[in-house]
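Quick note: numbers below take in every heavy atom, side chains included, and nothing from hydrogens, waters or symmetry partners. When a ligand or atom number is given, it counts from 1 through the structure's own listing order.
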Amino acid sequence: MKTHKKVRIYTGFERFWHWTQAVLIIFLGFTGFEIHGSYSFLGFRDAVRYHNDATWLLMVLIAFAIFWHFTTGEWKQYVPTTKNISAQLEYYVFGIFRNAPHPTKKTAHSKLNPLQKLAYFGLKVFLLPATLLSGLLYMFYRYRGGGLPGFLSVGALGPVALVHTACAFALAAFLIGHLYLMTTGSAVTSNLKAMLTGWEELEDEE
Ligand code: HEM
């Protein structure tokens, strides 16, 4: 028989980390695209200052998040798998529009479907580190005149700025996809509510 029960999906730290990271990345994008010249709102000088300040906050947050992932073992949730991946893809392309059931059962111990695992793994292991690294190279080049120690030295700012800007566009694309997929849980707002309150009503098969 299928019943529903309230399950604690996200801990307090996880929610704090998720929302703080969201605010900082949006703010970094907002100030970053002003630095890029896409619009003028804060003024170039302040945009640079705030972009740099938010960077330090994000790095502190990431340091705590890395510690949390490894001490709690939650990192295992993000290990990519091919199991059920085509069923999940088919669900997003077709099933969702036909009211088909979700192909992956969500539990507190396995809260991500295979596509989420892949997307978040890519974000955490490739995209965010690439953004951070290109941003730091950009920063050191800017403020230390390119005089970086040995292996870190970059010949010119152009390629670094290009990589950093490409990362910013990729993060913006991720955010748009993330916001759409957020609405595809068991109800339109159930994923959002879970990330706000920590609790979600999940199927309990007995
Ligand atoms: C996390 C670490 C980050 C660091 C260390 C960093 C650092 C920097 C630095 C130093 C600059 C140049 C500022 C100047 O002209 O002095 C810059 C520009 C920029 N940043 Fe970041 N940033 C980071 C994250 C982000 C994120 C998350 C985004 C987007 C979501 C972003 C988007 C941009 C953009 C679009 C530019 C303008 C690039 C250009 O046109 O040359 N940054 N960043």
Counting from 1 in the order shown, the ligand 1 atoms closer than 4.0 Å to a non-hydrogen atom of Leu171 are 27 (C), 30 (C)
Quick one: closest heavy-atom pair of Glu200 and Ser186, and the distance? OE2-OG, 4.3 Å
Ile25: numbered ligand 1 atoms lying under 4.0 Å from its heavy atoms: 30 (C)
For Gly29, take its heavy atoms, then give the atoms of ligand 1 lying under 4.0 Å from any of them. 29 (C), 30 (C)
Within 4.0 Å of some non-hydrogen atom of Thr131, the atoms of ligand 1 are 24 (C), 25 (C), 26 (C), 27 (C)
Output the list of atoms in ligand 1 that are nearer than 4.0 Å to some heavy atom of His36, sorted by atom number. 37 (C), 39 (C), 40 (O)
Modelled atom types, side-chain donor and acceptor of Tyr10 and His18, under 3.5 Å: no
Shortest protein contact, atom 14 (C) of ligand 1 (heavy atom only): Arg142 NE, 3.1 Å
Minimum non-hydrogen distance to atom 10 (C) of ligand 1, winning option of His51, Arg45, Met139, Glu34: Met139
Compute the shortest N/O to N/O distance between Asn52 and ligand 1 and return yes if it is under 3.5 Å, no if not. no
Quick check on contacts: which atoms of ligand 1 are under 4.0 angstrom from a heavy atom of Leu58? 1 (C)
Tell me whether the rings of His178 and Phe174 are parallel (<30°), tilted (30 to 60°) or perpendicular (>60°). parallel
Which residue holds the protein heavy atom closest to atom 1 (C) of ligand 1, what is that atom called, and what is the gap in Å? Leu132 CD1, 3.2 Å
Mind checking the NZ-OG spacing from Lys117 to Ser110? Nearest 0.5 Å is all I need. 4.5 Å
Identify, for atom 19 (C) of ligand 1, the protein heavy atom at the shortest distance, and state residue, atom and that distance. His164 CD2, 3.3 Å
Of all the non-hydrogen atoms in the protein, which one sits nearest to atom 38 (C) of ligand 1, and at what distance? Thr165 OG1, 3.3 Å
Only heavy atoms of Ala161, strictly under 4.0 Å: list the atoms of ligand 1 that pass. 41 (O)
Could you list the donor-acceptor pairs under 3.5 angstrom formed by side chains in residues 42-50, with sequence neighbours left out?
residue, atom, partner, partner atom, Å
Asp46, OD1, Arg49, NH1, 3.3

Nearest to atom 37 (C) of ligand 1, what protein heavy atom do you find, and at what distance? Gly32 O, 3.3 Å
Are Asn113 and Tyr92 linked by a side-chain donor-acceptor pair shorter than 3.5 Å? yes
Numbered in order shown, the ligand 1 atoms found under 4.0 Å of a heavy atom of Ala168 are 29 (C), 32 (C), 35 (C)
Can you tell me how far NE2 of His69 sits from OH of Tyr78, rounded to the nearest 0.5 angstrom? 4.0 Å
Where does the angle between the aromatic ring planes of Trp68 and Phe13 fall among parallel (under 30°), tilted (30 to 60°) and perpendicular (over 60°)? tilted
More than 12 foreign heavy atoms under 6.0 Å from CZ of Phe41: is that the case here? no
